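Since the structure is predicted, the reported quantities are computational estimates derived from the model, not experimental observations. Throughout, numbering of the chain's residues begins at 1 and tracks the sequence.
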Amino acid sequence: MVFSLGQAARKAGFALAAFESLGSTNAEAMAIGKAGLTRPTWVVTARQTAGRGRRGNAWANGSGNLAASLVMVTTVTPAVAATLGFVAGLALTDAIAAIAPYFDSGAAGGHRLLLKWPNDVMGDGAKLAGILLESEQLADGRRIVVVGIGVNVAAAPEGMPYKVASLSSLGAPVTAEDVFSALTDSWVEGVALWDEGRGVGAIRSRWLKRAAGLGADVAVHIGREIVRGTFETIDDSGQLVIRRTEGGTVAVAAGDVHFGAAATARV
């Protein structure tokens, strides 16, 4: 595989660190950040052997799939930095729609791309991609932020407890290199809109237009607690706002989300 930045990313001054094989793109990106980052850098590999998902879960990265991480330095608070996950989700859906135009076209055979809170990209209700944010504060008060993105391009992992899909299984004749190049360009537009957190409201509005389960029954598992109700919106900090079944609303910062029949099942 030969990965390259898109034209907009190159023009904007992003750097690229590409590897044939790597344990974790997030770990490598964080190491680059700690070594003294001079410009935002994309880390990408053809083969990731120790990828991580949310809550420390392993992230399977089969042959032909995409594993990439962006490392940047910012002065925003941790809460604002966390909203970069929404930027990443939008950038990825924009990238896929750009290289596979029949996605979201409304034409027969088209596939709907949706964003599942907090950081999953869905294709026809199945998980296509996951996003993992990690950050660490530097001695000077600035913050390293790493945005890890794993995309099922050629194949989806087997034996998962939820529906999964790949771009290939949905009929998109694209490669990991295609997705990466388009992603680096769409990120430039998305992070400019985000504008060091000043554009979070605009990002929120765009994200809600692609939100999976908006207005539907939802159950969020937070440790041993289950919060049930209706998915009403997300707030400006990216929290999931639920209108409780018993009345009132609650904002949830993290948890495992289930919609539809899974939300109403008694666990």
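Side-chain N or O atoms of T75 include none that pairs as donor or acceptor with a backbone N or O of R142 at under 3.5 Å. For the pair D235 (side chain) and Q239 (backbone), a donor-acceptor distance under 3.5 Å is present. Under a 3.5 Å cut-off, the side chain of S205 and the backbone N or O of G201 do form a donor-acceptor pair. Listed for the Q48 side chain is a donor-acceptor partner under 3.5 Å among the backbone atoms of T25. In this structure, the side chain of D94 does not engage the main chain of A91 through any donor-acceptor pair within 3.5 Å. The backbone N or O of E136 sits nowhere less than 3.5 Å from a side-chain atom of K34 that would complete a donor-acceptor pair.
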Less than 3.5 Å apart, which donor and acceptor atoms pair up between the side chains of residues 7-16 and the rest of the protein, not counting sequence neighbours?
residue	atom	partner	partner atom	Å
R10	NH1	L5	O	2.4

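For the residue pair T249 and E232, no side-chain donor N or O sits within less than 3.5 Å of a side-chain acceptor on the partner. Side chains of S24 and N26: a donor-acceptor N/O pair is absent below 3.5 angstrom, by distance only. Looking only at atom types and distance, the side chain of S135 has a donor-acceptor partner in the side chain of R143 under 3.5 Å away.
The line from CD1 of I144 to CG of L138 is 4.0 Å long, rounded to the nearest 0.5 Å. Expressed to the nearest 0.5 Å, how far CG of L115 lies from NZ of K209 amounts to 13.0 Å. Atom OG1 of T184 is separated from atom CZ of F3 by 11.5 Å, given to the nearest 0.5 angstrom. Summarising the geometry, atom CG belonging to L92 is positioned 6.0 Å from atom CD1 belonging to I131; distances are rounded to the nearest 0.5 Å. Atom-to-atom distance recorded for Y162:OH and M122:CE is 9.0 Å, nearest 0.5 angstrom. One distance of note links CD1 of I226 with NE2 of H221; it measures 4.0 Å at 0.5 Å rounding.
Only one option out of L70, V145, V76, I203 pairs with L84 in a side chain to side chain contact (heavy atoms under 4.5 Å, CB included); it is V145.
Minimum interatomic distance between V220 and G255 (heavy atoms only, all atoms of both residues): CG1-CA, 3.8 Å. The two residues L167 and L128 make their nearest non-hydrogen contact at N-CD2, 3.7 Å. In plain terms, the two heavy atoms of L133 and A81 that are nearest each other are CD2-O, 3.4 Å. In this structure, A17 and I32 approach most closely via the heavy-atom pair CB-CD1, 4.2 Å. Here the shortest heavy-atom pairing between S166 and A154 reads OG-O, 3.8 Å. Closest of all the heavy-atom pairs between A126 and A165 is CB-CB, 3.7 Å.
Contact of the R204 side chain with the I234 side chain is registered, since non-hydrogen atoms from C-beta on lie closer than 4.5 Å. A 4.5 Å side-chain heavy-atom check between V80 and W194 finds at least one atom pair inside the cut-off. In this structure the side chain of L193 reaches within 4.5 angstrom of the side chain of R206, judged on heavy atoms. No side-chain heavy atom of R228 sits less than 4.5 Å from a side-chain heavy atom of V218. At least one side-chain heavy atom of I222 sits less than 4.5 Å from a side-chain heavy atom of V227. At a threshold of 4.5 Å between non-hydrogen side-chain atoms, the residues L132 and N119 do not count as touching. By the 4.5 Å heavy-atom criterion applied to side chains, R210 and T93 are counted as neighbours.
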Show, in sequence, the C-alpha distance, side-chain angles and deciding distance for N65 and V151, and conclude whether the side-chain contact (heavy atoms from CB on, under 4.5 Å) test is met. CA-CA 6 Å; N65 290 341; V151 186; over 6 Å; no
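The aromatic rings of W42 and W187 sit perpendicular, their planes meeting at an angle over 60°, well past the 30° parallel limit.
Linking ILVMFWY residues whenever their side-chain heavy atoms come closer than 4.5 Å, directly or via other members, leaves V146 and V44 in distinct clusters.
Under the rule for a side chain to side chain donor-acceptor pair (under 3.5 Å), the partners of R244 that lie at least two apart in sequence or sit in another chain are E246.
Salt bridge E20/R47: absent, no basic N to carboxylate O contact under 4.0 Å.
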